[in-house]
There are 2 protein chains.
Amino acid sequence: MTKSMQTTEDSIKVFKALADPIRLAIIRYLNQLNHEVSCGEISQVMKISKTSGSYHFKILQEAELISVHKVAREKYVTLDRSTFDRYFTHFWQNL
Amino acid sequence: MTKSMQTTEDSIKVFKALADPIRLAIIRYLNQLNHEVSCGEISQVMKISKTSGSYHFKILQEAELISVHKVAREKYVTLDRSTFDRYFTHFWQNL
DNA sequence: AAGATAGTTCAAATATCTTTGAACTATCTA
DNA sequence: TAGATAGTTCAAAGATATTTGAACTATCTT
């Protein structure tokens, strides 16, 4: 199922989300594990405060680069590879 | 000729450069024309001051998203498509 | 129920990015 | 040569992004 047209603002949101070392490290980590991981685990691995983690996950989520799965207290995230594909593979088409 | 390894900082530089509406508009414009264009022309089209233009071109240049060709007073820029390719097509490999 | 754990929200502090105008260099044109 | 044009540099101002700690909600454990 392909997503419909993306606006410039969507692109900005995605590239802004990618333009930060912590968020890139989170993406790298999720890519290596390639399965759902809790926000708490990632924050620990990245050595950032939970507040800061919460902030970064929100930005990744709003860019649709991760998808979220809440189980009771905990929030699990995975990469949403279709979004990467949409913005990278089809960059020139969507520009 | 392929470029050697890219660091996280290189990636940040590229994604930051892409994370701005003016710079995205410049890229879009250069992509449509698909040939060298002077900074002055672009600044006019984008309706930004020459100082602001100078700033944005520097950022695009340092990210190697454009390449520059100076002719006397004027500076001509083109897209450096190999950089886009390097960061988009090979994103997961280089992560 | 009391205390621990996972995560969010808020506002203040800090850091980073972008725009602005003035002053500057180099080139062009009359 | 004098004046216009293309672009850069600098520092200050303004706008955004990020981090921090405290207070909060919801769930889990004993």
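All chains are named by letter (A, B, ...) in the order of the sequence lines, taking the proteins before the strands, and each is independently numbered beginning at 1. Only heavy atoms go into these numbers, but all of them, side chains included; no hydrogens, no water, no symmetry mates. Because the structure is predicted, anything quoted here is derived from the model rather than measured.
The two atoms that bring Asn94(A) and Arg86(A) nearest to each other are ND2-O, 3.2 Å, heavy atoms only. The heavy-atom pair separating Ile48(A) from Gly53(A) by the smallest distance is CD1-CA, 3.6 Å.
One side chain, Glu41(B) or Tyr29(B), offers a donor N or O that lies under 3.5 Å from an acceptor on the other.
As rounded to whole Å, 13 Å separates atom C1' of dC17(C) from atom NZ of Lys58(B). One atom, CZ of Phe57(B), and another, P of dT19(C), lie 12 Å apart when rounded to the nearest Å. If you take CD of Glu62(B) and P of dC17(C), they are 12 Å apart, rounded to a whole angstrom.
The one candidate from Glu74(B), Lys75(B), Glu36(B) that meets the side chain to side chain donor-acceptor pair (under 3.5 Å) condition with His69(B) is Glu36(B).
For Ser52(B) and dT19(C), the shortest distance from a side-chain N or O to OP1 or OP2 is below 4.0 Å. Between His56(B) and dT19(C), a side-chain N or O to OP1/OP2 separation shorter than 4.0 Å is present.
Residues Ile27(A) and Ile22(A) share a single hydrophobic cluster, defined by chaining ILVMFWY side chains whose heavy atoms lie under 4.5 Å apart.
A distance of 7.5 Å separates CG of Leu65(B) from CG of Asp80(B), quoted to the nearest 0.5 Å.
Using the six-membered ring where Trp is involved, Phe88(B) and Phe15(B) have ring planes that are parallel, under 30° apart on the 30 and 60° scheme.
Looking only at distances, a side-chain donor or acceptor of Ser43(A) sits under 3.5 Å from a matching main-chain atom of Cys39(A).
Residue whose closest nucleotide on DNA chain D sits further toward the 5' end, between Ile59(A) and Val71(A): Ile59(A). DNA chain D is contacted by both Ser49(A) and Arg73(A); Ser49(A) maps to the nucleotide lying nearer its 5′ end (nearest heavy atom per residue).
The local environment of CD in Glu9(A) is sparse, with at most 12 non-hydrogen atoms from other residues, nucleotides or ligands closer than 6.0 Å.
A nucleotide of DNA chain D counts as in contact with chain A when one of its atoms lies under 4.0 Å from a heavy atom; the first and last such, 5' to 3', are dA17(D) to dC28(D).
Here the nucleotide nearest the side chain of Thr51(B), chosen from dT18(C), dT20(C), dA4(C), is dT20(C).
Within residues 7-27 of chain A, the residues that place at least one heavy atom under 4.0 Å from DNA chain D are, in residue-number order, Lys16(A), Asp20(A), Ile22(A), Arg23(A).
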